Chemist: 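Quick one: the structure is below, and I'll ask about it shortly.
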Amino acid sequence: MRPTPVVQRRQLLTALPAALALTGCDAITRNPTARAIVESGEQATWRWQRVVGRDGLAREFSAADISPVFKANGTKRPGNPEWQRLAAGGFADWRLKISGLVGRELSLSLADLARLPQRTQITRHDCVEGWSAIGQWTGPALSQLLKAAALRDGARYIVFLCADDYGAEAAKGGLQSASRYYESIDLVDAFHPQTILAHSLNNAPIDAAHGAPLRLRVERQLGYKQAKYLMQIVVADSLAPFGGGKGGYWPDRGYEWYAGT
Ligand SMILES: Nc1nc2c(c(=O)[nH]1)N[C@H]1C(S)=C(S)[C@@H](COP(=O)(O)O)O[C@H]1N2
Ligand SMILES: [Mo]
């Protein structure tokens with residue numbers, strides 16, 4: 001097997017934010033097949049970024065526009081014991097896992113996420129139930145994390161698995177039970193500059209009602225895409241294996257998967 005040119009490896013490694021806790025990194029960089037996959041994944045990332053450059057931004061507002069009260073909707077406090085245990089510990093033990101079609105699986109604490117470059121944006125959240133609210137969200141761009149995880153060829157969707165079983169439906173347990181909230185977006189939205197994983201709302205850590213400790217903000221889409229209580233991100237080539245196969249809790253129940261505003 002031809003060794004990877006040193007310069008290529010260096011580029012790959014310097015592209016990784018130093019703050020990220022890596023799992024299985026050594027094993028992957030030592031394995032020539034895995035290494036080739038990682039490198040082709042970077043090219044896929046690059047191609048997508050070129051596409052994203054043409055896309056517009058959602059409107060951003062000024063501090064004076066921030067709603068005095070940001071309504072909470074859907075789950076306001078997940079009932080499952082794992083989330084409650086994590087919340088009781090101030091989310092010190094919470095980790096965001098990134099897995100699936102990646103060259104490197106990641107497991108990130110809130111401190112890891114806070115050490116990355118942050119984006120703050122004041123945007124309007126529109127719920128299909130007929131209310132809107134303007135809030136200021138802060139967190140790292142999703143694109144940074146996906147670059148660090150190194151998407152593999154075939155990656156088409158980013159799937160967000162949440163901690164809550166929705167509403168009155170019986171909790172059957174497990175991140176992929178039918179009652180579990182989840183959402184997904186394509187790579188264009190995933191690499192969009194306003195797509196962030198927010199840990200703060202209006203300069204304070206997100207509270208239980210609004211999705212503690214971390215939620216998706218994908219600003220060109222409607223409220224139900226803004227997945228709260230994130231636990232795991234899966235990079236996938238198909239939505240079929242998740243939930244009812246339509247890419248989200250509400251899309252499985254008839255809502256549009258692409259909920260552009
Ligand atoms: N995990 C999870 N995410 C969710 C929901 C939910 O019930 N659970 N509700 C969705 C809907 S319909 C809306 S309008 C927004 C509400 O976010 P908010 O509570 O911060 O206003 O979150 C979305 N994301
Ligand atoms: Mo909503």
Side-chain angles (χ1 to χ4, degrees), residues 58 61 65-84 86-87 91 94 96-97 120-139 142 158-185 189-190 194-234 239 242-244 246-261:
F61 296 79
D65 300 317
I66 292 173
S67 303
V69 175
F70 198 111
K71 184 180 152 70
N73 202 32
T75 302
K76 313 244 173 42
R77 186 174 178 84
N80 94 59
E82 193 194 354
W83 184 91
Q84 295 197 348
L86 294 168
F91 296 104
W94 172 93
L96 177 70
K97 292 184 190 59
T120 292
Q121 56 202 27
I122 302 175
T123 54
R124 195 185 65 215
H125 174 111
D126 299 313
C127 173
V128 290
E129 292 173 9
W131 59 271
S132 297
I134 293 175
Q136 176 185 284
W137 302 99
T138 303
L142 176 61
I158 310 299
V159 183
F160 302 87
L161 306 182
C162 305
D164 57 317
D165 291 279
Y166 186 73
E169 291 188 42
K172 298 189 189 72
L175 277 174
Q176 293 187 31
S177 68
S179 56
R180 192 55 70 94
Y181 205 95
Y182 78 106
E183 258 301 340
S184 60
I185 58 177
D189 270 324
Q194 288 171 317
T195 300
I196 66 173
L197 300 182
H199 50 69
S200 295
L201 168 60
N202 299 337
N203 284 321
I206 291 180
D207 63 7
H210 296 93
L214 195 76
R215 82 177 302 169
L216 173 66
R217 293 302 310 175
V218 48
E219 301 292 358
R220 296 177 307 172
Q221 296 203 50
L222 292 170
Y224 62 85
K225 301 296 290 187
Q226 321 298 325
K228 307 196 277 190
Y229 316 113
L230 296 181
M231 298 297 286
Q232 186 168 353
I233 291 177
V234 182
L239 297 175
F242 303 93
K246 297 287 198 312
Y249 180 91
W250 288 114
D252 283 341
R253 289 156 180 79
Y255 287 57
E256 296 291 327
W257 174 74
Y258 189 80
T261 56

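Note that this is a predicted model, so its numbers are computed, not measured. Counting convention: from 1, in listed order, for ligands and their atoms alike.
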Chemist: For the side chain of K228 and the backbone of N73, is there at least one donor-acceptor N/O pair under 3.5 Å apart?
Modeler: yes

Chemist: Is there a donor-acceptor pair under 3.5 Å between the side chain of Y229 and the backbone N or O of P78?
Modeler: no

Chemist: What pairs with R77 under salt bridge (charged side-chain N to carboxylate O under 4.0 Å, His left out), at least two apart in sequence or on another chain?
Modeler: none

Chemist: Would a line drawn from the ring center of Y224 to the ring center of W257 be shorter than 6.0 Å?
Modeler: no

Chemist: Below 30° counts as parallel, above 60° as perpendicular, anything between as tilted: where do the rings of Y249 and Y166 land?
Modeler: tilted

Chemist: I'd like a table of the close N/O pairs between ligand 1 and the protein (anything under 3.5 Å), one pair per line with both atom names and the distance.
Modeler:
unit_1: ligand 1; atom_1: 1 (N); unit_2: D164; atom_2: OD1; d: 2.7
unit_1: ligand 1; atom_1: 1 (N); unit_2: D164; atom_2: OD2; d: 3.4
unit_1: ligand 1; atom_1: 1 (N); unit_2: K228; atom_2: O; d: 3.1
unit_1: ligand 1; atom_1: 3 (N); unit_2: K228; atom_2: N; d: 3.0
unit_1: ligand 1; atom_1: 7 (O); unit_2: T75; atom_2: N; d: 2.9
unit_1: ligand 1; atom_1: 8 (N); unit_2: D164; atom_2: OD2; d: 2.8
unit_1: ligand 1; atom_1: 17 (O); unit_2: R215; atom_2: NH2; d: 3.0
unit_1: ligand 1; atom_1: 19 (O); unit_2: N73; atom_2: N; d: 2.8
unit_1: ligand 1; atom_1: 19 (O); unit_2: N73; atom_2: O; d: 3.4
unit_1: ligand 1; atom_1: 19 (O); unit_2: K228; atom_2: NZ; d: 2.6
unit_1: ligand 1; atom_1: 20 (O); unit_2: R215; atom_2: NH1; d: 2.7
unit_1: ligand 1; atom_1: 21 (O); unit_2: K71; atom_2: O; d: 2.6
unit_1: ligand 1; atom_1: 22 (O); unit_2: R215; atom_2: NH2; d: 3.2
unit_1: ligand 1; atom_1: 24 (N); unit_2: Q226; atom_2: O; d: 3.0

Chemist: Name the one of Q194, Q121, K225 that satisfies side-chain contact (heavy atoms from CB on, under 4.5 Å) with R217?
Modeler: Q121

